[in-house]
Every structure is written in C-alpha cells, then in structure tokens.
J.: 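Structure below; questions to follow.
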Amino acid sequence: MFPTALPTRKRRRPEVALARGREEVKFRDVTLYLVERRMGKSRRNFLSNLARSKGFCVYDALSADVTHVVSEGNAPQELWSWLEEQGFGEMRDRHVLHISWFTESMSAGQPVPVEIRHYIQNPAVDQRSCAHPSAKQESTVSSYACQRRTTLNNHNKIFTDALEVLAENLEFCGDQGPSLAFRRAASVLKSLPAALRRLEDTQRLPYLGEHSRTIIEEIFECGSSSRVEEILNDERYRTMKLFSSVFGVGPKTSENWFCRGLRTFEQVLSEPSIRLNRMQTAGFLFYEDISKPVSRTEASALKIIVEEAVICVNPSATVSITGGFRRGKEFGHDVDFIIKTPEAGQEDVILPAVIERFKRQNILLYSDLQESTFDLRQLPTPRFEAMDHFSKCFLIVKLKCEQETDTRAARDWRAVRVDLVAPPLERYAYALLGWSGSTLFERDLRRFARLERGKLLDNHALYDKATTSYLKSGVYMTGRFTDHYLPPSSFRILWKFYLSRVAICCSLKAPKH
Ligand code: 8GT
Ligand code: MN
C-alpha cells in the first residue's frame with residue numbers, strides 16, 4: 001500500500017522545491033506533480049527536468065497549488081487513498097492523470113487538453129456514481145506501439161479500415177499531424193485481443209479521441225461511416241490514390257496532376273507538358289505487375305536470387321529479409337533485404353556489384369543506387385523522421401513464374417519491387433531494427449527512447465543524452481522497452497532485443513504492427 005511505501009513524509013514547502021529550476025515557466029495555469037511511487041526516483045527526476053526544460057512548472061512536493069498529478073503504474077485505489085491522506089481531495093481544476101497525458105504533452109511541447117482517457121478515476125467516487133465498470137480501471141493499453149503486442153489477427157478491421165481512409169485522405173491534403181492521430185487510433189485498435197462491442201470500450205484507450213470515436217459510433221449505428229463513404233467517393237481522394245499508387249509518384253506530383261485537371265493515367269501519359277522521371281517511367285511501365293501484392297513464396301524465391309548474387313560478389317556476406325515479411329506478413333508491396341558484410345568498406349561496393357550481376361543475368365528492369373552518405377560526425381541527427389544514410393538501392397527485377405503471366409507477350413516473369421540496404425557492420429543491428437518496421441512501430445520506438453529513456457534512437461545509433469555518448473552496439477538500454485512484448489531479461493542488448501522480437505514474432509505465428 002502507498003502509505004507504507006511512501007511513509008507519511010512531511011510535505012516540503014513549495015518554494016524549496018521550486019528553487020532549483022531556473023527555466024522559464026511558459027504554462028502558468030498548469031502545475032505538475034509526479035508521483036514517485038512505481039515511477040522511481042531517477043525516472044521522476046528525469047521526467048521532471050524534461051518538463052521544466054519545456055516550460056512546465058513542476059513541484060517536487062504535493063501542495064494545494066498542484067493542478068495536475070501524474071502517476072504511472074499505480075492502482076487507482078492505492079493512489080487515491082494516498083492522495084486523500086495527503087489532503088489532496090477532488091476539486092474542479094485538479095486533475096489526477098495517467099502518464100500518457102504527460103508524454104503526449106512533452107511530445108506536443110505544451111499541455112495537451114485533458115481527455116477522459118487520461119484520468120485516473122477515484123474508484124470510491126466511481127462506485128458512488130455507478131460509473132461504467134470499465135471506467136474503474138486504468139488503461140492497460142500502452143500509448144507506444146512498440147509496447148503493444150499486435151498480431152495479424154485484426155479483430156477491428158471494420159473500424160481500422162475506416163480510420164485509415166481518414167488518415168490517408170489527410171496525408172493527401174498535407175495534414176500530417178491529424179493524419180498521425182488517426183493512424184495511431186487504428187494501430188491501438190489493431191492491438192486489441194477482441195472486437196469492440198460498444199463505443200464505451202474505447203473510453204480508456206490511448207489516441208481514441210473525439211473524432212475517431214464519432215466515426216466508430218456511426219459504424220456501430222449504421223454499419224459504415226458517412227464521412228468515410230464521402231471520402232471514398234471524392235474525386236480528389238480517388239485521383240490522388242490512383243496517381244500515388246505509381247512507383248515514383250508522391251503526394252506532391254499527384255496533387256500537381258490533379259490540379260491540372262488530369263484524372264486518369266491515359267490523360268497523364270498523353271499530356272505533352274508532363275515529363276516523367278526515370279522512376280515514374282518505370283512505375284508506369286510495370287504498373288500492373290508491381291501493384292500486385294508480392295507473396296511470401298515469391299519473397300523467398302527472390303531471397304535465393306539476391307543471396308546468390310551477394311555470395312558470388314562476397315562469400316562472407318549474408319542476406320536477411322526485413323520489412324513486412326520479417327514481421328510475419330504474408331503479402332507485401334515490395335521485398336526488403338539487408339546485407340551484412342563482415343569486412344569494413346565492403347558495404348560500399350557490394351550493391352553496385354549485385355546490380356551489375358542482375359544486369360548480366362538480364363533480370364534488372366530498373367535500379368536507383370544511392371551511395372552511402374553516412375557520417376558518424378553528423379550524429380545524432382535532430383531530425384526525428386530522418387531516413388538512414390546507408391548504401392541502398394531501389395530495384396525492379398524480373399521474377400520467374402510457374403505459369404506465363406502474359407500470354408500475348410509470352411513472358412514467364414513478373415516484375416517485383418526490391419529494396420536492398422547495406423550498412424557498415426557496426427551499424428547493422430540498428431539498421432535491421434529500423435528496416436523491420438512498421439513505420440509506426442519505429443516511430444514509437446524512437447519516441448519511447450527519447451521521452452521515456454532520454455535517448456535518441458535512429459537507424460544508425462543509440463545516443464544517450466545524459467552522458468552525451470553513444471551506446472555501443474553490444475550495450476543496450478535496460479528497462480521496459482517493450483514490456484508487454486518480451487520478458488524483461490531480453491532487454492539488455494539491442495541486438496538481443498531485436499532477435500527476441502523476431503523470435504517472438506515467429507512464435508506468435510502471425511505478428512504484425
Ligand atoms: P510492405 O509490406 O507494404 O512492403 O510494408 P513494409 O515492408 O513494412 O514497408 P516498406 O515501405 O517496405 O519499408 C520497410 C521499413 O523500412 C519501414 O518501416 C521504413 O520506415 C523503413 N525504412 C528505413 N529506411 C528506409 C529508407 O531509406 N527507405 C524506405 N523505403 N524505407 C526505409 O528504415
Ligand atoms: Mn516492404
């Protein structure tokens with residue numbers, strides 16, 4: 001119980017607690033207090049300093065001036081007993097909140113509006129008001145995708161499909177922020193072990209905000225969402241989706257073509273003022289083939305081809321499948337491979353040699369080789385979403401098929417998109433982790449490292465902000481990187497973490513994020 005773990009300490013005077021921070025307070029109507037119990041002293045200090053550095057006022061002691069109490073991992077009953085014992089009763093403008101509100105606020109750089117899902121309800125009050133039973137428990141679903149166990153078995157497809165249409169439409173409009181909110185909501189629903197039965201089931205879930213809940217509510221009532229239907233029938237959305245399905249055509253080009261009044265591929269291809277680049281030309285040329293999903297069997301056949309070419313160039317090099325197939329997906333839009341070369345410098349020569357070999361074998365339809373721009377001195381990168389700087393190539397290759405794919409052309413192959421990446425050996429673990437995806441998983445892994453562990457993680461390195469040093473590949477942050485995902489003993493080493501993740505993926509049979 002709380003009182004024993006936190007013996008009734010005399011409350012310190014707020015001015016004593018405030019004296020330490022010299023940072024400017026930006027948000028005057030928010031005064032934070034972080035509960036040390038379960039959070040631990042060092043984490044509490046770290047989070048308090050993080051908040052102060054972002055302009056929040058954080059008290060070390062619980063006083064009447066505190067407006068936002070933040071707790072992590074404490075049972076509501078214990079927490080509230082302790083709070084009441086401290087004289088911190090319920091009042092309007094006083095919030096007792098789950099850590100998710102804090103991390104979201106740190107991420108936003110300002111206090112985010114408090115939503116119902118953020119509250120840690122006082123169970124006594126709940127009982128008195130006969131609130132919904134699910135409201136009594138703190139959410140057990142983490143707000144980080146990397147802490148949620150998610151299988152391929154999506155019990156909430158009807159909702160996640162709808163939310164993803166909304167997200168995609170916002171991406172087409174350039175609204176990345178709101179789009180991410182819908183992607184996060186969909187990702188949370190994908191991790192649930194069962195289908196939602198009623199709207200109230202979403203109450204304690206992270207990222208299920210008002211907009212997502214309105215959509216879900218309508219689907220419960222009518223079987224579909226009128227907003228989603230409207231988008232699916234919208235000319236702009238349909239055209240943007242069509243154009244951006246071409247390899248080499250992103251949202252900007254799609255929008256440009258749409259604004260010029262173009263609506264079909266025929267119109268684009270017959271428009272004299274449009275000059276397609278090499279990638280787009282290949283995208284149109286092989287459109288039919290590369291828009292067909294690639295199966296796991298086809299991915300395995302490609303692995304043999306890539307492996308053979310790689311070994312021929314460098315017998316000590318190895319090839320692994322990454323991307324969606326590594327996560328257990330049965331189909332993908334491409335096949336991603338990572339090449340490990342034990343000798344320093346080999347990573348820069350292997351890809352051009354593999355491309356040459358494919359050319360000689362007459363199986364190369366398109367290649368875009370990007371040489372390494374990796375420079376340790378430029379790390380850590382402040383750009384959160386930065387892609388990596390390793391040697392890589394984006395290819396379209398011929399894959400032989402059992403049956404003729406096109407009787408008119410009498411061809412026995414299909415075109416497949418293949419990505420190859422070749423990092424230096426000492427960066428391999430990070431690159432493998434980064435290329436395994438999914439995009440949201442990677443994003444949340446980085447967010448978790450930054451907000452929860454004070455470390456910067458990307459495809460190249462793991463940087464400790466406190467010690468201003470890089471962690472060697474062999475040393476990994478201890479702690480609860482993916483608590484719900486792996487046993488804690490697996491976390492010491494990044495490498496181990498990665499292998500464990502893969503092992504767990506395999507043991508779950510059909511894992512996905
Ligand atoms: P898929 O089944 O549709 O192919 O899905 P996927 O395999 O999960 O996605 P992908 O687009 O093929 O990308 C695989 C992962 O590699 C993603 O998580 C992506 O963020 C990551 N990735 C990097 N660096 C790079 C890069 O430079 N280019 C691309 N395209 N992806 C990269 O870490
Ligand atoms: Mn892929």
Side-chain angles (χ1 to χ4, degrees), residues 145-146 150-152 154 164 167-168 171 176 180 183 186-187 190 241 244-251 279 283 289-300 302-303 306 319-339 347 351 366-374 379 381 383-397 399 415-424 427-447 449 456-462 494 498 501-502 505 510-513:
C146 57
T150 307
T151 72
L152 277 181
N154 177 3
E164 282 172 349
E168 193 178 31
E171 271 154 29
Q176 300 305 329
L180 186 60
R183 293 236 178 254
S187 166
K190 282 181 191 174
K241 189 155 175 81
S244 57
S245 71
V246 179
F247 175 53
V249 181
M279 199 183 239
D289 272 13
I290 59 182
S291 43
K292 262 195 307 211
V294 186
S295 70
R296 178 172 281 285
T297 315
E298 288 172 318
S300 305
L302 273 162
K303 181 166 186 247
V306 174
V319 176
S320 300
I321 290 195
T322 63
F325 288 110
R326 184 134 211 154
R327 304 197 301 279
K329 279 173 70 178
E330 287 302 320
F331 292 94
H333 91 281
D334 65 357
V335 195
D336 308 289
F337 294 100
I338 186 161
I339 299 171
E347 69 277 1
L351 295 182
Y366 169 85
S367 73
D368 171 15
L369 174 69
Q370 300 195 352
E371 284 178 8
S372 169
T373 51
F374 177 64
L379 294 181
T381 167
R383 274 171 42 228
F384 181 50
E385 282 307 311
M387 283 286 181
D388 60 63
H389 295 275
F390 304 127
S391 307
K392 59 176 86 75
C393 60
F394 307 110
L395 312 176
I396 301 176
V397 299
L399 178 67
V416 185
R417 274 269 303 111
V418 172
D419 289 348
L420 306 179
V421 59
R427 305 285 137 204
Y428 181 72
Y430 302 103
L432 191 53
L433 185 61
W435 275 81
S436 295
S438 68
T439 309
L440 193 61
F441 184 99
E442 298 298 339
R443 198 186 169 107
D444 276 8
L445 201 55
R446 289 165 196 205
R447 197 164 59 96
L456 299 175
L457 172 70
D458 66 10
N459 277 19
H460 313 98
L462 187 61
L494 175 65
Y498 181 75
R501 186 182 164 203
V502 173
C505 284
K512 187 200 164 190
H513 279 281

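The analysis underlying the following values was restricted to heavy atoms, covering all of them including side chains, and did not include hydrogens, waters or symmetry mates. One-based numbering, in listed order, for ligands and for the atoms of each.
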J.: Nearest 0.5 Å, please: how far is CD1 in I339 from CG in L351?
T.: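 Spacing of CG (L351) from CD1 (I339) equals 5.0 Å.
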J.: If you measure from CD1 on I321 to CH2 on W435, what distance do you get to the nearest 0.5 Å?
T.: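 These two atoms lie 14.0 Å from each other.
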J.: Would you compute the distance between atom CG of L440 and atom CZ of R447 and round it to the nearest 0.5 angstrom?
T.: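 Answer for the CG-CZ pair, L440 versus R447, is 8.0 Å.
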J.: Classify the angle between the aromatic ring planes of H460 and F374 as parallel (below 30°), tilted (30 to 60°) or perpendicular (above 60°).
T.: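 Geometry flag for F374 against H460: parallel rings.
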J.: Using a cut-off of 6.0 Å, state whether more than 12 heavy atoms not belonging to E371 lie near its atom CD.
T.: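 Incorrect, the count does not exceed 12.
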J.: Tell me every residue that passes side chain to side chain donor-acceptor pair (under 3.5 Å) with T297, counting only those two or more places apart in sequence or in another chain.
T.: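 Applying side chain to side chain donor-acceptor pair (under 3.5 Å) to T297 gives none.
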J.: Quick check: do E164 and K190 have side-chain heavy atoms less than 4.5 Å from each other?
T.: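 Contact flag for E164/K190 side chains = yes.
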J.: Output, by chain and residue number, all protein N/O/S atoms separated from the Mn ion (ligand 2) by less than 2.8 Å.
T.: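 As for protein N, O or S atoms lying under 2.8 Å from the Mn ion (ligand 2), they are D334 OD1, D336 OD2.
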J.: Using a 4.0 angstrom limit on heavy atoms, which residues are close to ligand 1?
T.: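 Residues within 4.0 Å of ligand 1: G323, G324, R327, K329, G332, H333, D334, D336, M387, D388, K392, G434, W435, G437, S438, T439, N459.
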J.: Could you tell me if the side chain of D419 sits less than 4.5 Å from the side chain of K392, heavy atoms only?
T.: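 No, side chains not in contact.
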J.: Excluding sequence neighbours, so at least two apart, what forms ring-ring contact (aromatic ring centres under 6.0 Å, His included) with F337?
T.: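 Scan of F337 (ring-ring contact (aromatic ring centres under 6.0 Å, His included), adjacent residues dropped) gives none.
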